[in-house]
Novice: 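Please read through the structure below; I'll follow up with questions.
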Protein chains: 4
Amino acid sequence: MNLGTVSSGVVESRVSTRFDRRLARILDHATAIFCEKGYERASMRDLSRACGMSLAGLYYYFESKQRLLYLVERESFERVMDLLSERLNGVADPEARVRVFIQNHVEFFLARPKVMKVLSHEDDVLEGELGTEIAAIKRSYYRACADLVECLKLDRNQRFNSRNAVMALFGMINWLYTWYNPTVDGSPAVLAQDFADIFLRGVYSGT
Amino acid sequence: MNLGTVSSGVVESRVSTRFDRRLARILDHATAIFCEKGYERASMRDLSRACGMSLAGLYYYFESKQRLLYLVERESFERVMDLLSERLNGVADPEARVRVFIQNHVEFFLARPKVMKVLSHEDDVLEGELGTEIAAIKRSYYRACADLVECLKLDRNQRFNSRNAVMALFGMINWLYTWYNPTVDGSPAVLAQDFADIFLRGVYSGT
Amino acid sequence: MNLGTVSSGVVESRVSTRFDRRLARILDHATAIFCEKGYERASMRDLSRACGMSLAGLYYYFESKQRLLYLVERESFERVMDLLSERLNGVADPEARVRVFIQNHVEFFLARPKVMKVLSHEDDVLEGELGTEIAAIKRSYYRACADLVECLKLDRNQRFNSRNAVMALFGMINWLYTWYNPTVDGSPAVLAQDFADIFLRGVYSGT
Amino acid sequence: MNLGTVSSGVVESRVSTRFDRRLARILDHATAIFCEKGYERASMRDLSRACGMSLAGLYYYFESKQRLLYLVERESFERVMDLLSERLNGVADPEARVRVFIQNHVEFFLARPKVMKVLSHEDDVLEGELGTEIAAIKRSYYRACADLVECLKLDRNQRFNSRNAVMALFGMINWLYTWYNPTVDGSPAVLAQDFADIFLRGVYSGT
DNA sequence: GATGAATGAGAATTCATTCAT
DNA sequence: GATGAATGAATTCTCATTCAT
């Protein structure tokens, strides 16, 4: 599966039924609206207007507003994580692997700025099972990063506080949605490198 | 103004009328509720319950829910900024000055975790004049930090991308609200140092 | 028409087309659902789920939800009434005839507890022509009973208030749906006899 | 407490605040609407129209439509039961006591035909705690009647099936709401006597 | 015969806010 | 200073029904 070629659609798959395609379109609109107004302020009416579909018609495609957010979030997380393991494949050097993580995250989400904001900003809103499931996915994404950092630490014989370091890194990359402007800020690749440099030099203690 | 002696109240001033003191109490409750449920989901009823005051009674102290958030945000920003300039006073070394900024921010907001979340999370919600005003304050806080970093860069003769660096720093410290747990994570002072180390080493390029 | 051989289906007839048979199955499901949730709360979606048929497919068999209830009600009423006249055939004694009515009603509906509830409970809901028609059928069922009681009254030279008596009787037998429990309450036959005894002794005034 | 003088209001008490009085008015309208259209078909809009109050204004007086029905039902049940024990006071003869029960029920509810219908017809609709509570009240009303009948049975040395008898009685009196017409049917007192005669003669077996 | 997709109308409920008192 | 009572507008979601295929 070559995810690299997929640029903007939230949902995509080799065989997509008409239902899937329409749902995907709705999810795209939903992402845009959740991004613009925030999940809570975004109303189903707003979405209905954006989709050019009746309010009731929307509900043919999913059962609730919460489920809508869930679908947006799950889809994206699975996508970055798939892409990450693919890119990590064959990269052995611990430092290089951390760089791959940062690059992957920054490039993926800078290509989908709206999703990025929704994921970063609407962290807590899902309740019940849906919330639990998303929380689990997020945890495993965090774990993946933490493991890479841990390996690096061992490899380089460093003694920095891992949790603080990983959280600092997540801070850098998750805060992106609040300020990145494609017209004034550099290319995603360059930015990723800047972040990687700051992080890596940052955690290495002298000697 | 000696902010160091003020421990918990959001609003305080040398001469505080009874009105001011009651408003301050309301703002504290509002902060707690905005933190817990998010601004949009928090209802005036929730606040009324928390304050033990009637819904209508609340409106004697402020004009609208938006204004409430505005007051909470403005107050806190003014406080960190005042505290910052006070602490910067007499510190000359550019690196030390950046460290002071980080320490001030981390310590101030870790002492007020609820305010920290509200400020970081409810960034966009204010509209109109209120929004413009808060945006201006935030910009000046950003500017203060950016200036410190710029001085450091000149002083050390570095060539990192300033905006990226400053934004990486803000990412670290603003993301704190999502993960910091006083019982498992170190003291604010230690954490601030960790962050400062990561940032400073991070932006210095070798040689 | 020999109704005695028909055990459970709501709708059945000597020559039943495939259409009739499928409609009958739908009516059975509809009866169950109307019984369980009440007509108003029961949704066409519930029915569609129960039938394993699409919502739209259902409408091939009837025009509207109201018509569905109408069919359920009409069918059952016609069945009890047919069965009644059959059983009354050859019974001459006025008291025995009243006993036959009670037995017939109790046994018929205790064999179809769901129908019993729907008929007793969803009395008013049909509007327009459909409502008028069902009302007419109910009236003729009431009339049949009232006539039997009237004959008995004349035969025994009694002077009880007929309407009150008949309504008391209908009360007993229509209220059954709210309490009858096959595992704790006696057989329908015994229950019918109890009711008949209470009613008959009840209306006879001494001497 | 002299409940005999209270004729129609659903809620009343010696000291009734303005809130109570307005709530009572709403409950009266609600009773009328639930009676006319059934609980499920009755909409809060219907009630709002009937009360001449805004939809939102209604909710100042109770928290949900279910609670509204609960209040109507509880109030009435408590009233009949209070009235019953009052009237039973000083009546020793077991048969007389059963007559008092029937008279009390018939007269109370024939004076409040709308409440009667709501209570008889909307039996199952309340869910959760509200439903449990109402079910408990109904059970205790049933128990009261069953106890009276049991005493009578012992006193007269009869052997009829008590449950069937009591249920037959409840059938008679609860079915009333479907047919009683004050202009053609006799006075409540006479009707109650008719019912009592039917029931008492009905359960006594000869000799 | 049957269905996927869609809809207008309406459901209960909540919201921030106001105003006479 | 503070509140009880009220409201218009909006919320999410469900309903019976339809129609092209």
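Every heavy atom of this structure was used, including side-chain atoms; hydrogens, water molecules and symmetry mates were not. Chain identifiers are assigned alphabetically (A, B, ...) following the order of the sequence lines, protein sequences preceding nucleic acid strands; residue numbering begins at 1 within each chain.
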Novice: Within the 4.0 Å heavy-atom criterion, would you say A:Arg45 contacts the bases, only the backbone, or no part of the nucleic acid?
Specialist: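 Base, at least one base heavy atom under 4.0 Å.
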Novice: For D:Arg21, is the CZ atom crowded, meaning more than 12 foreign heavy atoms sit under 6.0 Å from it?
Specialist: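 Buried by this count: over 12 neighbours within 6.0 Å.
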Novice: What do you reckon, is NZ of C:Lys65 surrounded by more than 12 foreign heavy atoms closer than 6.0 Å?
Specialist: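 Result for NZ/C:Lys65: enclosed.
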Novice: Could you state the atom-to-atom distance from OH of A:Tyr59 to C1' of E:dA11 in whole Å?
Specialist: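 It is 13 Å, rounded to the nearest whole Å.
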Novice: Are D:Arg41 and C:Glu127 close enough, and set up right, to give a salt bridge (charged side-chain N to carboxylate O under 4.0 Å, His left out), and what steps lead you there?
Specialist: CA-CA 13 Å; D:Arg41 282 186 61 217; C:Glu127 291 163 337; 3.2 Å; yes
Novice: With rounding to whole Å, what would you report as the distance between E:dG1 and F:dT21 at their C1' atoms?
Specialist: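 The same atom, C1', in both gives a distance of 12 Å.
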Novice: Tell me what D:Arg18 touches on the nucleic acid: a base, only sugar-phosphate, or nothing, going by heavy atoms under 4.0 Å.
Specialist: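 Here D:Arg18 touches no strand at all.
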Novice: Assuming nearest nucleotide by heavy-atom distance, tell me which of B:Tyr60 and C:Ala42 is located more 5' along DNA chain F.
Specialist: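 By nearest-heavy-atom nucleotide position, the 5'-most residue is B:Tyr60.
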Novice: Need to verify one output field. Residue with the more 5' nearest nucleotide on DNA chain E, A:Ser54 or C:Ser54?
Specialist: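 Checking each residue's closest nucleotide, the 5'-ward one belongs to C:Ser54.
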Novice: Could you tell me if A:Thr31 and A:Asp28 have a donor-acceptor pair between their side chains, going purely by distance under 3.5 Å?
Specialist: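 A:Asp28 vs A:Thr31: no donor-acceptor pair found between side chains.
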Novice: Rounding to a whole Å, what distance do you find between D:Leu55:CG and E:dA12:P?
Specialist: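 Computing the D:Leu55:CG to E:dA12:P distance gives 8 Å.
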Novice: Given pairs defined as Watson-Crick or G-U wobble with both distances under 3.5 Å, what dot-bracket annotation applies to DNA chain F, with ( ) intrastrand, [ ] crossing, | other strand and . unpaired?
Specialist: .||||||||||||||||||||
Novice: Measure the spacing between CG of C:Asp20 and OG1 of C:Thr17 and express it to the nearest 0.5 Å.
Specialist: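 If we round to the nearest 0.5 Å, C:Asp20:CG and C:Thr17:OG1 are 3.5 Å apart.
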Novice: Pick the nucleotide of DNA chain F nearest each of A:Met44 and C:Ala56; which residue has the one closer to the 5' end?
Specialist: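 Mapping each residue to its closest nucleotide by heavy atoms, the 5'-most match is A:Met44.
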Novice: Check step by step if salt bridge (charged side-chain N to carboxylate O under 4.0 Å, His left out) holds for A:Asp124 and B:Lys117.
Specialist: CA-CA 12 Å; A:Asp124 278 9; B:Lys117 175 166 177 191; 3.7 Å; yes
Novice: To the nearest Å, how far apart are B:Leu47 CG and E:dC15 P?
Specialist: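 Atom-to-atom, B:Leu47 to E:dC15, this comes out as 13 Å.
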Novice: How close or far is atom P of E:dA16 from atom CD of A:Glu40, stated in whole angstroms?
Specialist: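 In whole Å, E:dA16 P and A:Glu40 CD are 11 Å from each other.
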Novice: Taking heavy atoms of chain C and a 4.0 Å limit, find me the 5'-most and 3'-most nucleotide of DNA chain F within that range.
Specialist: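 Going 5' to 3' along DNA chain F, contacts run F:dC15 to F:dC19.
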Novice: Taking side chain to side chain donor-acceptor pair (under 3.5 Å) as the criterion, tell me which of B:Arg67, B:Glu73, B:Arg74 meets it with B:Tyr70.
Specialist: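 Only match with B:Tyr70 under side chain to side chain donor-acceptor pair (under 3.5 Å): B:Arg74.
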Novice: Quick one: A:Arg49 CZ to E:dT7 P, roughly how many Å, whole number?
Specialist: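 Rounding to the nearest Å, CZ of A:Arg49 and P of E:dT7 are 15 Å apart.
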Novice: Looking across every strand, which nucleic acid part, if any, lies under 4.0 Å from B:Tyr61 by heavy atom: base, sugar-phosphate, or nothing?
Specialist: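 If one applies the 4.0 Å heavy-atom cut-off, B:Tyr61 turns out to touch the sugar-phosphate alone, with no base involved.
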Novice: Tell me whether the rings of A:His121 and B:His121 are parallel (<30°), tilted (30 to 60°) or perpendicular (>60°).
Specialist: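 Because their plane-to-plane angle is under 30°, the rings of A:His121 and B:His121 count as parallel.
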Novice: Given atom CZ of C:Arg41 and atom C1' of E:dA11, what is their separation to the nearest angstrom?
Specialist: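 These atoms are roughly 14 Å apart.
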Novice: Taking atom OH of A:Tyr60 and atom CE of A:Met53, what is their separation to the nearest 0.5 Å?
Specialist: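 So the gap between those two atoms works out to 10.5 Å.
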Novice: Find the distance B:Gln66:CD to E:dA16:P and express it as a whole number of Å.
Specialist: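 Rounding to the nearest Å, CD of B:Gln66 and P of E:dA16 are 11 Å apart.
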